[in-house]
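Worksheet: the structure to be examined is printed underneath.
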Amino acid sequence: MKSILITNANIVNEGQISLGDVLVRDGLIFVAGGDLSEHEADIHIDAKGKYLLPGIIDDQVHFREPGLTHKADIKTESRAAVAGGITSYMEMPNTVPQSTTIELLEEKYKIASQTSLANYSFYLGATNDNLDELLKVDPQNVCGIKVFQGSSTGNMLVDNLETLEKIFEKSPILIATHSENDDIIRANFKKYQQEFGEDIPIKYHPLIRSAEACYDASKKVVDLARKHGTKLHILHISTAKEVSLFDNTIPLEEKRITAEACVHHLWFTDEDYDEKGTLIKWNPAVKSAADRDEILKGVLDNRIDVIATDHAPHTKEEKANKYANAPSGGPLVQHSLVAMLEMYHQKKISLEAIVQKMCHHPAILFEVEKRGYIRPSFHADLVLVDLDNPWEVTAENVLSKCGWSPFEGQTFKSRVTHTIVSGHLAYENGIFHEEKMGERLKFSRK
């Protein structure tokens, strides 16, 4: 593997920004910091004026393979991720077939080993009747178990309360939940369907998949996790009220209950439905500006621990359906980092906090082995960004297979110029180098 020397970079790492160099050898960070110009390397990148970050670790994506590859696949979406500065991802089980057995899970790992430009891990999906399979999971080789409390794409709903209790009691590994109360949602949908028939306006989506539905389900699993001492991670927090469920008085390393915010819930509000329509239909729904602002506050004060995407592509034709038939989700991996950097330009969040929530904290929370930091002997997952190189998102420059983005028309001030994945220069100024694929993530768990 080629050695890489990055010089004159503004290194954003572990709460500090410092000018220095980084040398990569044999896939690992060999030296980090200071003047390393006397060293020789196969590839030299002059990063003057740019910022070097650890590679982003996205703990929630849907890459749609196998079975839904008309929307996306591991090859296309991992390339989009790398172009966006994401070097590692954790992918969800609601594919076709659903990843609810160890055997089916390993088939996804095999696909990724051959086609994923980024590093990868895959969740094992919980159902109402696969507890025995969940207990077989190897905590060092799998990121977690995914529980859907609310029905979503693939409808892997775990609605048997006795089963849910047993999963929380016996799980050998972190449980990540999609927390929405399906009974509340169905009642809300029926109400609006009686009023509007099949033409429910999209603006009612956050009232159908309501704040009440989110809080009720999140509170239920928080209570279960406290009862059983389970390691629980609640995904895509979308309401102000949910933020109150989480603690910022202890270090992340000691937390048993953690939370994730997604970029779209930090960016969009219910005022955007008129313009964006079903393109910003997500589960859970984008809600009010007050919800958005409280989620950001939770990110900044450490009640919310990580920022991710919930990248979930559908074709534009599918999204063009009427409300009830338009699927929820959208592509985000290519633009998540630059969107957060835009929020930095807007003085809403610091560069150090972005790196903490998108790099360091996912590594700590999931106990990812030797990633998430710019440290000697760690895997060389690195992203170089130019904070002053504006560009506009258009359908033509979207890399996800679906060919559209909710950010179309948005000009971002920042641009990802280089992405290094496990020591391999995978992306360089719009060009992909695909001689080496990403690696399977390992976890330092007992």
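Here the structure is a predicted model, which is why all the values come from computation and not from measurement.
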Exercise: do [X] and [Y] side chains pair donor with acceptor under 3.5 Å:
| X | Y | result |
| --- | --- | --- |
| S218 | E242 | yes |
| H178 | N283 | no |
| N119 | S422 | yes |
| E77 | H311 | yes |
| Q149 | S179 | yes |

Handout entry: Check: H265 side chain, P284 main-chain N or O, donor-acceptor pair, under 3.5 Å
Key =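 Yes.
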Problem - Main-chain N/O of H314 paired to W404 side chain as donor or acceptor, under 3.5 Å - result: yes
Handout entry: R371 to F378, cation-pi by 6.0 Å centre distance and 45° axis angle
Key =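 No.
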Handout entry: Charged tip of R440 within 45° of Y109 ring normal and under 6.0 Å
Key =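 That pair qualifies as a cation-pi contact.
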Exercise for the section: Count the heavy atoms of every other residue, nucleotide or ligand shown that sit under 6.0 Å from NZ of K241, and state whether that count exceeds 12. Expected result: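 Atom NZ in K241 is not packed in, count stays at 12 or less.
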Problem - Residues K357, E260: salt bridge by 4.0 Å N-O rule - result: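 Looking at E260 together with K357, the answer is no, because their closest N to O distance does not fall below 4.0 Å.
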Practice task
State whether K75 and E65 are salt-bridged, where the test is any N-O pair (Lys NZ or Arg NE/NH1/NH2 against Asp/Glu carboxylate O) under 4.0 Å.
Solution key: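 E65 and K75: not salt-bridged.
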